[in-house]
Amino acid sequence: MSRYSFLDLATSASVRSAQAEMGVDHLWTPGQVDRQFEAFTADEEAFIAARDSFYMASMSETGWPYVQYRGGPPGFLKVIDETTLAFADFRGNRQYISVGNLDANDRVALILVDYPRRARLKILAHAERLTLDADPALLEKVVDPSYRARPERIFRLRLAAFDWNCPQHIVPRFTEAEIARAVQPLHDKVEALEAENRALRERLGRG
């Protein structure tokens with residue numbers, strides 16, 4: 001039987017009830033789809049390597065969800081192998097809500113977005129936190145010496161399932177670096193035209 005592994009984990013009785021209420025429950029019946037997203041491929045690895053941020057949700061013992069923005073240099077979230085991610089956890093406001101939540105419940109949900117291309121990747125995983133000296137080889141992989149932020153720990157994530165979202169309602173947004181790359185040809189052209197104008201003025205002046 002085919003499996004839709006992300007929905008196998010995300011669907012509960014109340015979710016199935018909501019799907020039935022909206023008349024779409026037949027779309028997600030086991031065997032209707034074949035999307036076994038339980039191991040990263042080269043496509044996911046390339047997508048993750050290009051991201052400079054993601055959102056991570058955890059759950060407290062009191063039942064409240066907490067969504068945290070994580071940022072760093074592009075590719076700071078590392079694909080270690082086809083079922084493992086890791087990243088250095090940099091010092092922030094020192095509330096440690098995610099850290100505490102994960103000590104009680106290791107389940108996390110990540111959302112990664114490529115705004116210019118309007119692509120979104122959802123990941124369900126089990127997270128564990130490691131001290132910086134627990135795995136020197138892993139530390140070397142996740143820490144970028146050129147990035148000026150203080151890592152406090154490593155998070156290692158064991159993939160449970162992932163899925164790609166549709167691009168609806170994602171508004172394209174661009175970072176300063178992306179805009180700079182996009183307009184660089186225009187700057188180059190303007191500089192070339194200015195140089196050409198200077199050369200022409202010099203010729204006319206000599207004439």
Hey, what do you get for CD (Gln68) to CG (Asn101), rounding to the nearest 0.5 Å?
9.5 Å
Run the side-chain contact (heavy atoms from CB on, under 4.5 Å) test on Thr11 and Trp28 for me, step by step, so that the C-alpha distance in whole Å, both residues' side-chain angles and the decisive distance to 0.1 Å come before the verdict.
CA-CA 10 Å; Thr11 300; Trp28 313 116; over 6 Å; no
Decide if atom CZ of Arg153 counts as having more than 12 heavy atoms of other residues, nucleotides or ligands within a radius under 6.0 Å.
yes
Could you grab the distance from atom CH2 of Trp164 to atom CD of Glu44, nearest 0.5 Å is fine?
5.5 Å
Determine whether a donor-acceptor pair (N or O, by modelled atom type, separation under 3.5 Å) exists between the side chain of Arg120 and the backbone of Pro167.
no
At their closest point, which heavy atom of Val99 faces which heavy atom of Phe155, and how far apart are they?
CG2-CZ, 4.1 Å
Do Val143 and Leu138 land in one hydrophobic cluster if side-chain heavy atoms of ILVMFWY residues count as linked below 4.5 Å?
yes
With a 4.5 Å limit on heavy-atom distance, are the side chains of Tyr69 and Ser53 in contact?
yes
Measure the spacing between CZ of Arg16 and CG of Leu7 and express it to the nearest 0.5 Å.
10.5 Å
Out of curiosity, Ile48 CD1 to Lys78 NZ, how far, rounded to the nearest 0.5 Å?
11.5 Å
Are Val113 and Val67 connected, step by step, through hydrophobic side chains (Ile, Leu, Val, Met, Phe, Trp, Tyr) whose heavy atoms are closer than 4.5 Å?
yes
Point-to-point distance, once rounded to the nearest 0.5 Å, from CG of Leu85 to CZ of Phe162
10.5 Å
With a 4.5 Å limit on heavy-atom distance, are the side chains of Phe54 and Phe76 in contact?
yes
What about Met56 and Val79, same hydrophobic cluster or not, with Ile/Leu/Val/Met/Phe/Trp/Tyr joined at side-chain heavy-atom distances under 4.5 Å?
yes
Close side-chain approach of Ile170 to Tyr115, heavy-atom, < 4.5 Å:
yes
Quick check on Gln184: does its CD atom have over 12 non-hydrogen neighbours (other residues, nucleotides or ligands) under 6.0 Å away?
yes
Could you tell me whether the side chain of Leu124 reaches within less than 4.5 Å of the side chain of Arg107, counting heavy atoms only?
no
May I ask you to test the Arg51-Leu77 pair for a side-chain heavy-atom distance under 4.5 Å?
no
Compare every heavy atom of Ala127 with every heavy atom of Leu157, then report the nearest pair and how far apart it is.
CD2-CB, 3.3 Å
Under 4.5 Å between side-chain heavy atoms, counting indirect links through other Ile/Leu/Val/Met/Phe/Trp/Tyr residues: same cluster for Val142 and Leu132 or not?
yes
With a 4.5 Å limit on heavy-atom distance, are the side chains of Asp103 and Tyr96 in contact?
no
Flag yes if Val15 and Leu9 sit in one hydrophobic cluster, no otherwise; membership is Ile, Leu, Val, Met, Phe, Trp, Tyr, and two members link when side-chain heavy atoms are under 4.5 Å apart.
no
Derivation of the side-chain contact (heavy atoms from CB on, under 4.5 Å) call for Glu196 and Leu193:
CA-CA 5 Å; Glu196 183 179 349; Leu193 289 172; 4.0 Å; yes
Just so I know, are the side chains of Val190 and His187 near enough to count as touching, which here means a heavy-atom distance under 4.5 Å?
no
Could you check whether any side-chain N or O of Arg91 sits under 3.5 Å from a backbone N or O of Arg150, counting only pairs where one atom can act as donor and the other as acceptor?
no
What are the two closest non-hydrogen atoms of Thr84 and Arg158, and how far apart are they?
OG1-NH1, 3.0 Å
dist Ile154:CD1 -> Thr131:OG1 (nearest 0.5 Å) comes out at 7.5 Å
Can Asp135 and Arg156 be said to form a side-chain contact (heavy atoms from CB on, under 4.5 Å), step by step?
CA-CA 11 Å; Asp135 189 333; Arg156 182 162 55 197; 3.8 Å; yes
Can you give me the closest heavy-atom contact between Leu102 and Ser58, atom names plus distance?
CD2-CB, 4.1 Å
Smallest separation among heavy atoms of Asn105 and Met59, with atom names
CB-O, 4.2 Å
Taking the side chain from Glu202 and the backbone from Ala199, do they hold a donor-acceptor pair closer than 3.5 Å?
no
Taking every non-hydrogen atom, the tightest pair across Ala182 and Pro185
O-CD, 3.4 Å
